[in-house]
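Everything below concerns the one structure shown next.
These numbers were taken from a predicted model, which means no experiment stands behind them.
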Amino acid sequence: PHMSRLRKISSHYVWTPQGFLSSAILSFAPDGTLVEIETSEQVDSCEGVEFFSGVLIPGFVNAHCHSELSYLRGKIERRRGFAGFADSIARVRHEATPEERLASAAYWNAKMYQEGITAVGDICNGASTFPLKQKSPVYYHNFIEYFGLQATDFSRTDAVAAEAARLGLPHSATPHSTYSLQDKPFREIAHRDNPLSIHFMESPGEQELFEGRGRLHARNLESGVGIDFAGYDLRPAGLSHRFPRIKTSCSFTIRLSMKR
């Protein structure tokens, strides 16, 4: 880019992957691309540099979002365990009109951008938020979510993916979780060369399900739903059978998202 067209900004500190820099000047091309980071002991005397008091940081990434469910904020009872959470979602998710849902998604899209979020990994069960994303300054990767223990026809979800492709929106197929798809469709989706975003080990209730006990297991029995993945080894070596891209030699941390 022509140097005279670059926008130059600076601050007391700039956060980079290597740590904080002081007296740094960032140069941006007209399309917003960062093309240079330099330092100067005399930033205040550098011509054409915009100075912002405080700290400059790169845009935040919201790696797992459900913008379609924005309207549920404040409607889910807390501290009811994993099965209670799932029951609450099923009970209230149809209480809002399509217009209310879109208005809520639009509000939080603007709110995220205002608070510095520039990229979002968004879970999609439909195409309702796609027009919003086409106009948004936020970059969205759309995870088209497949789920259903009794599902045999995924044509509706396939149609959502096809619509994302038609609109030119970044997207990929992903299983909802390790517990909401039978083994065969889970493996088929996980074997695609796609980015995945999967709910995994978010509460002790999920582990109990894999061990054939607990409220989720009881609910499946009451509904006459069988699962063909009970008893799977939840260590990396066992998970590699369902996640072909996880090597058995790897190690990772499971964080339980619970408040006690």
- Item | Within-4.5 Å side-chain heavy-atom neighbours: Ser136 and Met112 | no
- Query: With ILVMFWY side chains joined below 4.5 Å, transitively, what does Val61's cluster contain besides itself?
  - Reply: none
- Could you list the residues that satisfy salt bridge (charged side-chain N to carboxylate O under 4.0 Å, His left out) with Glu115, not counting sequence neighbours? Lys111
- Query: Should Phe20 and Leu34 be regarded as members of a common hydrophobic cluster, given that ILVMFWY residues are connected when their side-chain heavy atoms come within less than 4.5 Å of each other, either directly or indirectly?
  - Reply: no
- Nearest non-hydrogen partners of Ala173 and Leu196, listed with the distance: O-CD2, 3.5 Å
- Rounded to the nearest 0.5 Å, how far does OG of Ser177 lie from CD of Glu145? 8.0 Å
- Close side-chain approach of Val138 and Asn109, heavy atoms under 4.5 Å: yes
- Message: In the structure I gave you, are the side-chain heavy atoms of Glu38 and Glu36 within less than 4.5 Å of one another anywhere?
- Response: yes
- Message: Please give me the minimum heavy-atom distance between Gly126 and Val160, naming the atom from each residue.
- Response: O-CG1, 3.6 Å
- Is the backbone of Leu149 close enough, under 3.5 Å, to the side chain of Gln182 for a donor and an acceptor to pair up by distance? yes
- Nearest-0.5 Å distance that lies between atom CD1 in Ile198 and atom OH in Tyr179: 11.5 Å
- Residues at least two apart in sequence or cross-chain that pass salt bridge (charged side-chain N to carboxylate O under 4.0 Å, His left out) with Arg213, listed by chain then number, are Glu208, Glu211
- Task: Applying side chain to side chain donor-acceptor pair (under 3.5 Å), name anything that partners Ser67, two or more places apart in sequence or on another chain.
- Result: Asp122
- Query: With a 4.5 Å heavy-atom cut-off, do Lys133 and Val120 have their side chains touching?
  - Reply: no
- Query: Is it true that Leu132 and Leu167 fall in one hydrophobic cluster, defined by side-chain heavy atoms closer than 4.5 Å?
  - Reply: no
- Item | Flag side-chain contact, heavy atom, 4.5 Å: Ile123 against Glu68 | no
- Task: Determine whether Thr157 and Ile144 make a side-chain contact, defined as any pair of heavy atoms from C-beta on separated by less than 4.5 Å.
- Result: yes
- Query: Under the 3.5 angstrom rule, does the side chain of Ser180 hit a backbone N or O of Phe147 as a donor-acceptor pair?
  - Reply: no
- Item | Residue pair Ser53 / His12, side-chain heavy-atom distance below 4.5 Å | yes
- Message: In the structure I gave you, are the side-chain heavy atoms of Val14 and Ile37 within less than 4.5 Å of one another anywhere?
- Response: no
- Message: Who clusters with Phe51? Use side-chain heavy atoms, under 4.5 angstrom, across I, L, V, M, F, W and Y, and order the result by chain and number.
- Response: Ile25, Val43, Val49
- Residue list, salt bridge (charged side-chain N to carboxylate O under 4.0 Å, His left out) with Glu100, at least two apart or on another chain: none
- Kindly say whether Tyr71 contributes a backbone atom to a donor-acceptor pair with the side chain of Ser104 at under 3.5 angstrom? yes
- Linked, directly or transitively: Leu26 and Phe52 (ILVMFWY side chains, under 4.5 Å): yes
- Note on the structure: Hits for side chain to side chain donor-acceptor pair (under 3.5 Å) against Asn62, two or more places apart or cross-chain, chain-then-number order -> none
- Item | Sequence-distant partners of Ser197, side chain to side chain donor-acceptor pair (under 3.5 Å), two or more places apart | His64
- Heavy-atom donor-acceptor pair, Ser11 side chain to Gly54 backbone, under 3.5 Å: yes
- Message: Hydrophobic clustering (ILVMFWY, side-chain heavy atoms < 4.5 Å, transitive) - are Phe154 and Ile189 grouped together?
- Response: yes
- Message: On a heavy-atom basis, which atom in Val35 and which in Ala29 lie closest, and how many Å separate them?
- Response: CG1-CB, 4.2 Å
- Query: Rounded to the nearest 0.5 Å, how far does CG of Asn125 lie from NE2 of His176?
  - Reply: 8.0 Å
- Note on the structure: Students should find that the hydrophobic cluster of Leu221, defined by side-chain heavy atoms under 4.5 Å apart, otherwise consists of none
- Query: Once you round to the nearest 0.5 Å, how far does CG of Leu69 lie from NZ of Lys75?
  - Reply: 11.0 Å
- Message: Once rounded to the nearest 0.5 Å, what's the spacing between atom CZ of Phe60 and atom OG1 of Thr118?
- Response: 9.5 Å
- Query: Under a 4.5 Å side-chain heavy-atom rule over Ile, Leu, Val, Met, Phe, Trp and Tyr, are Tyr13 and Trp15 clustered together?
  - Reply: yes
- Query: For Tyr146, which residues count as a side chain to side chain donor-acceptor pair (under 3.5 Å) partner, sequence neighbours excluded?
  - Reply: Asp158
- Pairs involving residues 91-141, ordered by first then second residue, that meet ring pair (Phe, Tyr, Trp, His ring centres under 6.0 Å) (sequence neighbours left out): His141-Phe143
- Query: Between the side chain of His217 and the main-chain N/O of Gly212, is any donor-acceptor distance below 3.5 Å?
  - Reply: yes
- Message: Going by the rule salt bridge (charged side-chain N to carboxylate O under 4.0 Å, His left out), which residues pair with Arg166 if we only count those two or more places apart in sequence or in a different chain?
- Response: Glu163
- How long is the span from the CD1 atom in Ile9 to the CZ atom in Phe28, to the nearest 0.5 Å? 4.5 Å
